[in-house]
A.B. asks: 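Submitted below is the structure of interest, expressed as structure tokens.
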2 protein chains.
Amino acid sequence: MQLHRHDVVAKATQLLDDYGIADLTMRRLARELNVSPGALYWHFADKQELLGAVADRILVPASAAVEDASWSRRVVGLGTALRDALLSSTDGAELVSASFAAGKSERMIEILAELTDAATEGGIDASHADLAARTVLYYVLGFTADEQSRLQWDAAGALVDGQSVLTANPNARFAFGLKLLVDGIAAHTSVEVNALQENFE
Amino acid sequence: MQLHRHDVVAKATQLLDDYGIADLTMRRLARELNVSPGALYWHFADKQELLGAVADRILVPASAAVEDASWSRRVVGLGTALRDALLSSTDGAELVSASFAAGKSERMIEILAELTDAATEGGIDASHADLAARTVLYYVLGFTADEQSRLQWDAAGALVDGQSVLTANPNARFAFGLKLLVDGIAAHTSVEVNALQENFE
DNA sequence: ACCTGAACACCGTTCAAGT
DNA sequence: ACCTGAACACCGTTCAAGT
């Protein structure tokens, strides 16, 4: 039976979910698909391209466009949907972070574009809207990568109770940070805050 | 001549600067120090511990405390000092990100604590100040990692002029994002903005 | 106490040769 | 067109044995 790009990505996603990113190797993937390692290189140029495809597969649910809402609700909606998508796979945040940094995730580019639109509507000028959007993405990726690595320590049994504040209520904590960013964007159009801002210009 | 922890970290830092994080391997480091790979494991438990030590060495200049300033100036000062420290080494942001995520960088914990203090002074309550501080760190790490990977594409000759907005004025772009976060923190004490915020609660 | 030598169990990638 | 087999050039980590 012929090997197709789709099957490879599907098995890679399963490997990721079951064993984590460290065990998602080209050789192990090939073994699991009952092909030789070289076979994968007929379908993908290199490992990075394969990981990008896995990242985009994980991000499918996050691409559910949040239309017909205020810019701030769209930012919150996109950020929340992105986190949910990342959490649905083991090490999802780490994988997508790497693929995004390498410029290998098309869907992250899409999400970035939607966030940029929202930021523009929020009153950020065109030259800075992209950066505001990226700031949101850095936050979501950083927060979720952190969250997932803590989940793994906890699963390994290393529950330090001094850090319980960091593991409790992750949803509320995530929402708070997102709100901080939305407030920051909103501040750029809020006249009342502009006076306060002049200390930082 | 005996091998000391300090020499290993120094050579590792040099290797990082000269060839990047991909070439910072235990075997290569041992070869460069004229010892066998196993020798390194007498001084460090594993590679992660070694990388943490390198991260902390890179972060020394960022620990220059910014005392006697308003909370907002301290956030901007710490963020800027952190970025400068990361930029001084090839792949510095990637290395420190990994070490921070793994909980292996003491200095990042210190910087986090200073940012948390600043956020508290900025009016964020104790339960959320840590998160606000982390949000700043996620931003600085994300922005700088992005910046450094672009520097490498450019050095490799792949100059896409459509992305010139992203590579030009990185200092100004960085400052803008930092200001966004400071504004977000400030919004929590600004009564005028609280009315605006109620949409997101 | 500190290090060597050698092994163990892996990697990503390439490429002639097969079908 | 699609894949195998085998090689190339590596990894991180462990550990008996040496000094």
A.B. asks: Would you please test Phe143(A) and Leu131(B) for side chain to side chain contact (heavy atoms under 4.5 Å, CB included) and show each step?
C.D. replies: CA-CA 9 Å; Phe143(A) 182 96; Leu131(B) 179 54; 3.7 Å; yes

A.B. asks: Whole angstrom is fine here: how far is it from CG in Leu40(B) over to C1' in dT14(D)?
C.D. replies: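 One finds 13 Å between C1' of dT14(D) and CG of Leu40(B), rounded.
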
A.B. asks: Can you tell me which stems DNA chain D forms when a stem means 3 or more consecutive Watson-Crick or G-U pairs under 3.5 Å?
C.D. replies: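 Only these stems qualify: C:4-8 with D:12-16, C:12-16 with D:4-8.
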
A.B. asks: Does the pair Asp183(A)/Lys179(A) count as a salt bridge with the N-to-O cut at 4.0 Å?
C.D. replies: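 Here Asp183(A) pairs with Lys179(A) in a salt bridge, since their nearest N and O are under 4.0 Å apart.
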
A.B. asks: Go through dG12(C), dC3(D), dT13(D) for me and flag the one nearest to the Arg27(B) side chain.
C.D. replies: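 So the side chain of Arg27(B) is nearest to dT13(D).
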
A.B. asks: Atom NZ of Lys47(B) to atom P of dC10(C): distance rounded to whole Å?
C.D. replies: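 It works out to 18 Å between those atoms.
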
A.B. asks: Taking the side chain of Tyr41(A) as heavy atoms from C-beta outward, which of dG12(D), dT4(D), dG12(C) is closest to it?
C.D. replies: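 Of the candidates, dG12(C) comes closest.
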
A.B. asks: Could you give the CE-to-P distance, from Met26(B) to dT13(D), as a whole number of Å?
C.D. replies: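 After rounding, the gap between these two atoms is 6 Å.
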
A.B. asks: With sugar-phosphate meaning primed atoms plus P, OP1 and OP2, does Ser36(A) contact a base, only sugar-phosphate, or nothing at under 4.0 Å between heavy atoms?
C.D. replies: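 The residue Ser36(A) makes base contact.
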
A.B. asks: Which nucleotide in the set dC3(D), dC11(D), dC3(C) lies at the smallest distance from any side-chain heavy atom of Thr25(B)?
C.D. replies: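 Output: dC11(D).
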
A.B. asks: Return the value, rounded to whole Å, for the distance between atom CZ of Arg28(B) and atom P of dG12(D).
C.D. replies: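 About 12 Å, once rounded to whole Å.
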
A.B. asks: List in numerical order all residues of residues 1-15 of chain B for which some heavy atom is under 4.0 Å away from an atom belonging to DNA chain D.
C.D. replies: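 By residue number: none to list.
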
A.B. asks: Would you mind reporting whether Leu137(A) and Leu82(A) have side-chain heavy atoms less than 4.5 Å apart?
C.D. replies: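 The answer is yes; the side chains approach within 4.5 Å.
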
